Amino acid sequence: MSENLSPEQKVSRRDFLKVAWGFFGGLALLETGGMVLAYLQPRLAEGEFGSLITIGLVDDFPPNSVTHLTNGRFYLVRLADGGFLALYHRCTHLGCTVPYDQTQGKFICPCHSSEFDQQGAVQNPPAPRPLDLFPITIENGEIKVDTGSPIQRAAFDPSQVVYP
Amino acid sequence: MTEPNPPDTMLDRLRERLTPEEFPTDDRGRIRMVVDSLVLHLHPSKVPVTTIKWSYTWGLGGLSAVLMTILALTGIILLNNYTPSVPQAYLDILEIRSNVWFGELIRNLHHWSANLLIIVAVLHLIRVFLTGAYRPPRELNWLLGVAMLVLILGANFTGYLLPWDQLAFWAITVGTSIITYVPLVGESIGRLVLGGPEVGANTLLNFYSLHIALIPLGIFGLMSYHFWRVRKDGGLTLPKPVDPAPDPLTWQKPERVTTIPHLVRRELIYTLGWFAALLLFAMVVPAPLEGIANPDISPNPAKAPWYFMGLQELLLHFHPLVGAIIMPGLAITGLFLLPFFDVTSASVGIYFRSRRGRSLSLLALGLATLLTPAWVLLDEFVLDWVGWLPGWDSLISNGLIPLALIALGLFLLDGWAVKTFGADTEERVLFLAVFLFTAFVILTMIGIFFRGPGMALYLPWNMPAAVH
Ligand code: HEM
Ligand code: FES
């Protein structure tokens with residue numbers, strides 16, 4: 001074959017086809033992989049955990065209280081100064097649900113005994129970071145919590161507290 | 001006028017195949033018949049008399065296949081009474097236990113066979129390791145074996161969620177949270193596996209699909225390849241005496257005996273024996289089942305499945321990236337690379353390589369049995385990297401620093417084996433492997449028997465009851 005090639009024809013037909021097959025074959029594989037990945041993406045149901053939840057009025061929650069809202073998977077913490085935090089109840093270590101210990105005033109994980117204070121900050125490892133936060137919005141005295149987007153934070157910061 | 005023979009119908013031909021006019025009477029014909037039979041699809045017609053001794057293979061590979069078959073059969077029949085949805089899955093298991101004829105027995109059989117399979121597959125791997133059977137030309141079959149072990153663990157882990165009880169829910173929650181510590185892609189892979197932010201209905205469906213389709217398909221596919229490779233690689237490795245180690249060139253090959261009946265008889269006895277034992281066990285010991293999964297309350301302690309307790313123990317001592325990802329990753333990589341850097345063929349077929357190998361293995365076993373609990377206690381009560389190095393990222397203080405110390409310790413051990421005992425390459429590999437494996441088994445035992453509420457250490461006889 002190659003002796004029929006003119007000097008300008010550097011690529012033989014066979015080589016060209018090989019490359020073309022390889023290229024389009026690879027492309028098809030990538031596309032298929034992408035389709036499968038897209039197909040497997042999680043779907044969320046409306047109104048359940050993962051969406052915006054209305055939980056009640058500001059005055060329902062006295063200062064210095066911790067309320068477990070199990071539907072939304074979070075604790076609504078009202079600090080002594082009246083500010084709100086919505087703490088995802090999932091331990092940042094390996095995902096156990098952290099109960100609130102009323103007498104000690106902190107969250108103690110049953111799984112590997114991480115401890116968190118009322119603001120969710122780590123008091124005792126192995127948890128690597130504070131409890132995640134859900135964004136709170138307060139309109140006309142009504143509290144809404146967006147459970148779709150937990151916010152990871154490295155430490156507690158007063159700017160995280162939402163005031164009515 | 002004679003009628004022409006009526007053409008054979010399909011039925012005639014079928015009958016002919018199934019009931020041949022006459023059975024062969026001469027030896028040659030008999031052997032042909034035998035060669036055609038199903039058994040010899042799998043086995044060669046003759047096998048070396050030494051390889052079929054119990055004390056060489058212990059029948060562990062064959063037993064793994066038997067267990068896979070039991071799992072497939074009991075699993076398929078369980079499907080008829082199981083719905084992978086929340087909360088129906090749990091209610092179905094309750095029904096299976098109390099209202100389905102032989103339901104409890106089938107479930108117990110499935111459960112115990114699955115757990116036994118892990119033990120047997122690991123023992124098979126150990127046998128292959130100790131006899132050096134992974135070396136060329138059998139590298140590929142070793143790799144297939146490691147892949148199958150990973151799939152078997154995957155099958156067990158995905159199956160663990162299906163009953164949807166507290167045990168299942170929290171073991172899978174903790175187990176899958178480990179994925180999120182993989183740098184960069186961890187969070188998105190975790191979401192994909194769970195089908196959402198937490199273990200839920202989508203997770204159950206994902207795991208169900210993996211458990212009954214993809215993973216078993218993979219295992220049975222690899223199994224066929226594994227068996228075929230055994231024959232391609234010239235059958236099993238031949239057992240050899242340790243003293244004096246025979247010269248591979250002049251060494252006499254052992255006598256061969258016909259597969260039927262010598263090998264097949266043993267296989268049948270072994271299969272029936274184990275099946276009887278399993279059946280008895282499943283009749284007496286029920287598979288565990290706790291209350292229905294409750295995402296609001298984690299039981300205390302929330303333990304991993306027993307075969308991941310060693311990993312769980314590592315997690316208690318190291319930053320998750322080191323304990324649950326780097327260390328197991330290194331172990332699996334080491335297993336995969338083993339047949340490429342340990343290639344001496346002279347000692348293949350000799351348990352523990354040599355006399356010196358035997359002593360070194362015993363030494364490694366003893367050392368690991370002493371050092372592992374000592375280190376666990378030290379780390380639990382004395383070492384406090386995070387407290388000593390305040391302000392350091394716990395990945396470094398409680399992860400990379402102790403990891404480096406352990407690596408240093410292994411390095412010193414290795415040097416010791418060379419200096420004091422004159423170990424060669426294969427004996428050094430053996431020494432370190434026995435040490436690491438024993439350490440892992442000890443960690444697993446500590447996780448199973450010594451960890452109680454809050455994952456604190458207790459003596460087994462003082463263990464407080466779990467809170468659910
Ligand atoms: C074709 C193969 C298989 C099928 C169709 C199958 C099917 C099932 C089904 C329907 C269940 C739920 C019922 C139950 O919880 O008892 C289950 C549970 C389970 N499976 Fe499988 N399975 C197969 C293979 C395996 C393998 C290879 C393993 C592990 C090596 C395994 C391990 C488990 C475990 C640990 C459970 C949980 C049992 C329990 O505690 O209730 N399965 N399987
Ligand atoms: S999951 Fe909470 S401490 Fe481990």
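Because the structure is a prediction, the values reported are computed rather than measured. So you know, we letter chains A, B, ... as the sequences are listed, proteins then strands, and number each from 1.
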Inset, instruction - Look at A:G95, A:P110, A:P99 and state which one has the largest set of heavy-atom pairs under 4.5 Å with chain B. - result: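 Highest number of pairs under 4.5 Å: A:P110.
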
Legend entry - Option in A:C109, A:C96, A:P128 with maximal non-hydrogen atom pairs under 4.5 Å from chain B: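 Answer, by heavy-atom pair count under 4.5 Å with chain B: A:C96.
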
Legend entry - Nearest heavy-atom neighbours spanning B:S298 and A:C111: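 The answer is CB-SG, 4.2 Å.
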
Distance check, rounded to the nearest 0.5 Å: [X] atom [atom1] versus [Y] atom [atom2]?
X: A:H112; Y: B:R451; atom1: NE2; atom2: CZ; answer: 9.5 Å
X: A:R90; Y: B:E198; atom1: CZ; atom2: CD; answer: 5.5 Å
X: A:S113; Y: B:M455; atom1: OG; atom2: CE; answer: 9.0 Å

Inset, instruction - Might you confirm whether atom OH of B:Y458 has over 12 heavy atoms from other residues, nucleotides or ligands at distances under 6.0 Å? - result: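 Counting neighbours around OH of B:Y458, more than 12 heavy atoms of other residues, nucleotides or ligands fall under 6.0 Å, so yes.
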
Inset, instruction - Keeping the roles fixed (side chain from A:T97, backbone from B:P295), state whether a donor-acceptor pair exists under 3.5 Å. - result: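 Yes; judged by distance alone, with no hydrogens or angles, the pair exists.
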
Legend entry - Residues from residues 177-188 of chain B approaching chain A under 4.5 Å (heavy atoms):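 Within residues 177-188 of chain B, the residues under 4.5 Å from chain A are B:S177, B:I178, B:Y181, B:E187.
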
Legend entry - Positions in residues 21-37 of chain A that reach chain B, provided some heavy atom is under 4.5 Å away: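 Interface residues of residues 21-37 of chain A: A:L37.
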
Legend entry - Option in B:T173, B:N398, B:D296 with maximal non-hydrogen atom pairs under 4.5 Å from chain A: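 Counting heavy-atom pairs under 4.5 Å, the top option is B:D296.
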
Legend entry - pair A:P126-B:H319: side-chain heavy atoms closer than 4.5 Å: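 A side-chain contact under 4.5 Å is absent here.
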
Legend entry - Region of A:S114 in contact with chain B, defined by heavy-atom distances below 4.5 Å: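 Looking at A:S114, nothing touches chain B.
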
